[in-house]
Protein chains: 2
Amino acid sequence: MQETEAEFLKKYDRREYLAPLMTVDAAIFTFHGGKLLVLLTERCEHPEKGKWALPGGFVDEEKDASLEEAIQRKLQEKTGVKAPYIEQLISVGNNQRDARGWSVTVVYTALVALQSCQSFVDNVSDVRWEMYEEALKMDLAFDHIEIMKAARERLKQKALYSMVPAYALPEEFTLPELQHCLEVLIDKPIQKKSFRRRVEQADLMEEVGLRSADKKGRPSMAYRLKEGVKDFTFIRNLDA
Amino acid sequence: MQETEAEFLKKYDRREYLAPLMTVDAAIFTFHGGKLLVLLTERCEHPEKGKWALPGGFVDEEKDASLEEAIQRKLQEKTGVKAPYIEQLISVGNNQRDARGWSVTVVYTALVALQSCQSFVDNVSDVRWEMYEEALKMDLAFDHIEIMKAARERLKQKALYSMVPAYALPEEFTLPELQHCLEVLIDKPIQKKSFRRRVEQADLMEEVGLRSADKKGRPSMAYRLKEGVKDFTFIRNLDA
DNA sequence: ACATATAGTGTCATTAGGACACTATATAAA
DNA sequence: TTTATATAGTGTCCTAATGACACTATATGT
C-alpha cells in the first residue's frame, strides 16, 4: 500500500538525522584612513574561546526564515551593522573545521560605510574594525583566515570591473577618494584618466557640489550614487 | 572557575541543537545534438515523491569528510557521473523549501562530456538527461527549477569569458562544434573570426588531425584540450 | 565542371583603455 | 603679489581587442 506524503511527514522525525552544525558568517569590509578594514568579533564561548572571528553564529530556526535573515540578524545583534547589499560568498563544510563535529557555514560578504555603525562598534569591547593587513597575521577562530582571504579576493575581482567599492565610502565622496579606494582593493595604481572615463561611462553618480578645500590643492567635486543604484558592472577590466 | 575547551567539548551534545536538514545538489549540464542537456533523477521517496529533481541528497557524516566529497559521492551513486571540475554555485536555505522543515542545500554545478557516463544513465530508469528547454517546463521537486535557472545563468556568464564549455564536448572536438556550443550557451551568434582569434590567443588546444568528412563541405580540424588545462579565462567578453 | 555547403583567413573600422602631457585651482611661502 | 607646490581634472595619441564581412579553401553531389 502506498504511503501518502501526509502520512510520511506525520511520522517523519528530523531528530533521526544528526545534521551538521549550521552557521552563517560574514566578512564585512569598509575603508577608512586609506586602509581596508574588516569587522571582527571576539568569541565568548568554547570552542576557540577568546579568539577573534568573523561575526556569525548558528542559524536559529525560530528566529530566521532564511539564511539571508539569519546573517542579517546575527550581524545586527553582534555588531550593529546593517548591510543592505550583502552577498553570498561561499559555503564551507567538513568534519575538521569545528571541534564540535561536522560543521557547515554559509559565508556572506559586504562592503559598508564606516559611519553607518561606528557608534555601536565603538561602544562594545568584543567588536572591532581591524586593518585587513593586521587581521591576516592574527590567529582567527576556525578557518576564518581562509574565508577572509577568499572574501578579500572576491572584493578585488569586483573592484576590477565594477564601482561596488563606492559602498565602502561615505554617502558623499570625491573621485580621487574612490580611485584610491579602488587602488587599495586591487593593490595597484590606476590611470586617473581611465578611471574617470569609466565613471563617466557608467553614469551612476551625480555631482553634489565642490568639496570645501581642507588641504592644499584644487578642491575636488563631491559625488553621490544616483538614486536607485544598487549594483552595477562595467564590461571591461581596469588594468588587469 | 574557567571551563576549559576540553571540558566544554566533553559535555557538549550536538543533539541539543536541532540543526536544519543539510543536503547537497548538483546541476550537471552537457551538450548533445545541438542542445543543452541537464541531468535529472526521479525522487523515490517523500516528500515530492515521483517528481524529477537535480541529483543530490543528505550529507552523510560517516561517509563524507566534506561538502565536496558529499556531492561527488551522491552524484556517483545516483547517476554514475564523475565531475572532476565541479564548482560550488550557491547555497539556499529557508523554512519553506522542504516540507520536512528548515532545510539548507549547497548547490554545485558542472559541465561534463556525455560519453563519460552515458552507459550508466541509459541503464537506469530514474536518471535521465533532459533537454534544458523541456526541463524548464517541468514541475521539478523543491526549488530545483530556480536553482537550475541560476546554474544556467552562471554557465552563460562563464561562456562569455572562458572556454569552459569545452568540457561539455567529447575529448576531441572541432572549432565549429565548440563555437556552436558557446552560441547555445550564450543564446546569441558569435562572429566566427572573433571566436577563432580567442581560441588562438588562449593557446589551450592542440590539433589532433583532420576530422573525417561525414558531411558535405570542407572537413574541419579536430582539437583537444592541452594536457594540464583545468580552467582558463579570457580577459574580454565575447560580444556582450 | 559547376553548384553548394562548410571550414577557415585577411583586413578594415571602431572602441576601450594605457600613457602622459597639459590645464585648472587651491594653499603656503618668499 | 608673485611664485612654488600640491592636488584636481582634461586632451590626445597609440595600441590592442574585436565586430563586420568579404574572401579563399576543400569537401560532396549532380
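Each chain gets a letter, A, B and so on, in the order its sequence line appears, and its residues count up from 1.
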Selected nucleotide, minimal atom distance to A:K193 side chain, candidates D:dT12, D:dG19, D:dA8: D:dT12

Rounded distance in Å - CG (B:L182) to P (D:dT18): 14 Å

Short side-chain N/O contact from A:Q201 to OP1 or OP2 of C:dA16, under 4.0 Å: yes

N/O donor-acceptor pair under 3.5 Å between B:S91 side chain and A:S91 backbone: no

Along DNA chain C (nearest heavy atom to each residue), the more 5'-positioned of B:R197 and B:K192: B:K192

Residue pair A:W129, A:L39: steps toward the side-chain contact (heavy atoms from CB on, under 4.5 Å) verdict: CA-CA 5 Å; A:W129 287 108; A:L39 188 62; 3.6 Å; yes

Between P of D:dT18 and CG of B:L160, the distance in whole Å: 12 Å

For atom CE of B:M221 and atom P of C:dG8, their distance in whole Å: 7 Å

Among D:dG19, D:dA8, D:dT18, the nucleotide that comes nearest once only the side chain of A:S220 is considered: D:dA8

Ring-face cation of A:R152 near A:Y132 (centre distance under 6.0 Å, axis angle within 45°): yes

Whether A:F31 and A:H180 hold their rings parallel, tilted or perpendicular, with breakpoints at 30° and 60°: perpendicular

A:I86 vs A:T109, side-chain contact (heavy atoms from CB on, under 4.5 Å): CA-CA, chis, key distance, verdict: CA-CA 6 Å; A:I86 201 166; A:T109 186; over 6 Å; no

Letter per nucleotide, 5' to 3', of nucleotides 23-30 of chain C [B base touched, S only sugar-phosphate touched, - untouched; heavy atoms, 4.0 Å]: -BBBB---

Euclidean distance, atom CZ of residue B:R211 to atom C1' of D:dT26 [Å, nearest integer]: 16 Å

B:L175: partners by side chain to side chain contact (heavy atoms under 4.5 Å, CB included), with sequence neighbours left out: B:F195, B:R196, B:V199, B:M205, B:Y223

Length of the NE2-C1' vector between B:H180 and C:dA5, whole Å: 16 Å

For atom CZ of A:F195 and atom P of C:dA19, their distance in whole Å: 17 Å

B:R196 side chain near C:dG8 phosphate (N/O to OP1/OP2, under 4.0 Å): yes

Value in whole Å for how far the P atom of D:dG19 lies from CD of B:Q191: 7 Å

Integer-rounded Å distance: C:dT9 C1' and B:Q179 CD: 14 Å

Side chain to side chain contact (heavy atoms under 4.5 Å, CB included) against B:D143, all qualifying residues, sequence neighbours excluded: B:V92, B:R97, B:I147

